[in-house]
Protein chains: 2
Amino acid sequence: MSDHNHIQQNHNHEHSGLLSQLAESGYRMTPQRSMIVEAIENSSNHISAEEIYASVVSKYRHVNISTVYRTLELLKEKGLVTETNLGNGRVSYHPTGKGQHHHLVCHKCGAIIDLDETAFIDLKEMLRKKYGFLADLKHLAIFGSCLKCNS
Amino acid sequence: MSDHNHIQQNHNHEHSGLLSQLAESGYRMTPQRSMIVEAIENSSNHISAEEIYASVVSKYRHVNISTVYRTLELLKEKGLVTETNLGNGRVSYHPTGKGQHHHLVCHKCGAIIDLDETAFIDLKEMLRKKYGFLADLKHLAIFGSCLKCNS
DNA sequence: TTTCGTGCAAACCCTTTGCATTTGC
DNA sequence: GCAAATGCAAAGGGTTTGCACGAAA
């Protein structure tokens, strides 16, 4: 469920972008990091820590989920992935370089509708002008009910 | 910290509004519920489960936090309180009857700026028209950095 | 070889649940 | 008196941490 709305492709085929950027920052190249990064880059859209773990473990059984969390921590610090709270205590990750987008999360059917990054330009501008607040709209998820569910 | 932006008052002084509404729904009146509801209604703005618990326990030592969670569950079901995720894995509660508002959360200093419920009317309308999505904007928190922090 | 990264297990935080007891009505 | 609410303690889910071992540079 909730994946039929993800129509975003991977137009950007530089090999292991995130991985090479980690390496350039002086971090070591390990098979685990390589697989974790691959899972993130191959995900159609956003992917949770558990999903990354599942993907990696299906290749190498001996990977531990704490390594996934530690790698995500690194990637976040370096600004290479963006974290989005999609509700239900679930946090998802997305490579920053793939472009930002926003989420409309239907609390009835669980569908996630993606909006491109320009969708909230007006909102952002309003908040800046009125409140001097620089909204970090890489992270925005709005909850509600979708077209199908509020018929 | 983060409380200096809460300048909202309790203009609505009917005695124990939430409590009487619970009673009208057939639920029993207990000292625990009364204290929990009081803590919510007296909070300047939004209050977490732990904060409610702390407030109640300071009066009657024998209250248990599970009772707080169970009462919040009831109040949510009845639509008497609104739940807002202010980040940091912490969820806050607010009496629905006090009027809705939105939050700008500064991830640098932790300040929470309140916006009144009309602030996102345009946004809501845009989402409805463009996507048929009925945004539930009782819950909205936007993260970013505030005027003081992005000087 | 030496520092960094990993696996493992245990701890963590917040929230939920099962069950026996107490309480409101 | 009886159903509903509570306290307690234990479990749950997702995430983090300490530590000794293993692997990258």
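Computation of the quantities below employed the complete heavy-atom set of this structure, encompassing side-chain atoms and omitting hydrogens, waters and symmetry-equivalent molecules. In what follows, chains are A, B, ... by sequence order, proteins preceding strands, each numbered from 1.
Not one side-chain nitrogen or oxygen of A:Gln32 sits closer than 4.0 Å to the OP1 or OP2 atom of D:dA23.
In this pair, B:His101 and B:His94 present their aromatic rings perpendicular. The plane angle is above 60°, beyond the 30 to 60° band. By the 30° and 60° cut-offs, the orientation of the rings of A:His103 relative to A:His46 is perpendicular.
Contact record, A:Met126 with B:Ala119: CE-O, 3.4 Å, taken as the closest heavy-atom pair. Minimum interatomic distance between A:Ser43 and A:Lys98 (heavy atoms only, all atoms of both residues): O-NZ, 3.1 Å. In terms of heavy-atom proximity, A:Val105 sits nearest to B:Phe133 at O-CZ, 3.5 Å.
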How would you summarise protein contacts on nucleotides 20-25 of chain C per nucleotide, using B for base, S for sugar-phosphate only and - for none, with heavy-atom distances below 4.0 Å?
---BBS
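The backbone N or O of B:Phe143 sits nowhere less than 3.5 Å from a side-chain atom of A:Asp136 that would complete a donor-acceptor pair.
Distance, A:Ile65 CD1 to C:dA10 C1': 15 Å, rounded to whole Å. Atom P of nucleotide C:dT6 and atom CG of A:Leu22 are separated by 10 Å, given to the nearest angstrom. Atom CD in A:Glu73 sits about 6 Å away from atom P in D:dT16, given to the nearest Å. B:Glu77 has its CD atom 12 Å from the P atom of C:dT16, to the nearest Å.
Within residues 47-63 of chain B, the residues that place at least one heavy atom under 4.0 Å from DNA chain C are, in residue-number order, B:Ala49, B:Glu50.
Two residues are said to be in side-chain contact when any heavy atoms from C-beta on lie closer than 4.5 Å; A:Arg33 and A:Leu19 meet this criterion.
Screening residues 67-87 of chain B for ring-ring contact (aromatic ring centres under 6.0 Å, His included), with sequence neighbours left out, gives no hits. Applying the side-chain hydrogen bond (donor to acceptor under 3.5 Å, both in side chains) test to residues at least two apart or on different chains, the pairs with a partner in residues 53-67 of chain B are B:Asn64-B:Ser66, B:Ser66-B:Arg70.
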Could you list, one pair per line, each protein nitrogen or oxygen that sits under 3.5 Å from a nitrogen or oxygen of nucleotides 17-20 of chain D, together with the distance?
unit_1	atom_1	unit_2	atom_2	d
D:dG18	O6	A:Arg70	NH1	3.4

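In the hydrophobic cluster analysis, where Ile, Leu, Val, Met, Phe, Trp and Tyr join through side-chain heavy atoms closer than 4.5 angstrom, A:Leu134 is grouped apart from B:Leu86.
For A:Glu83, the salt bridge (Lys or Arg N to Asp or Glu O under 4.0 Å) partners at least two apart in sequence or on another chain are A:Lys76.
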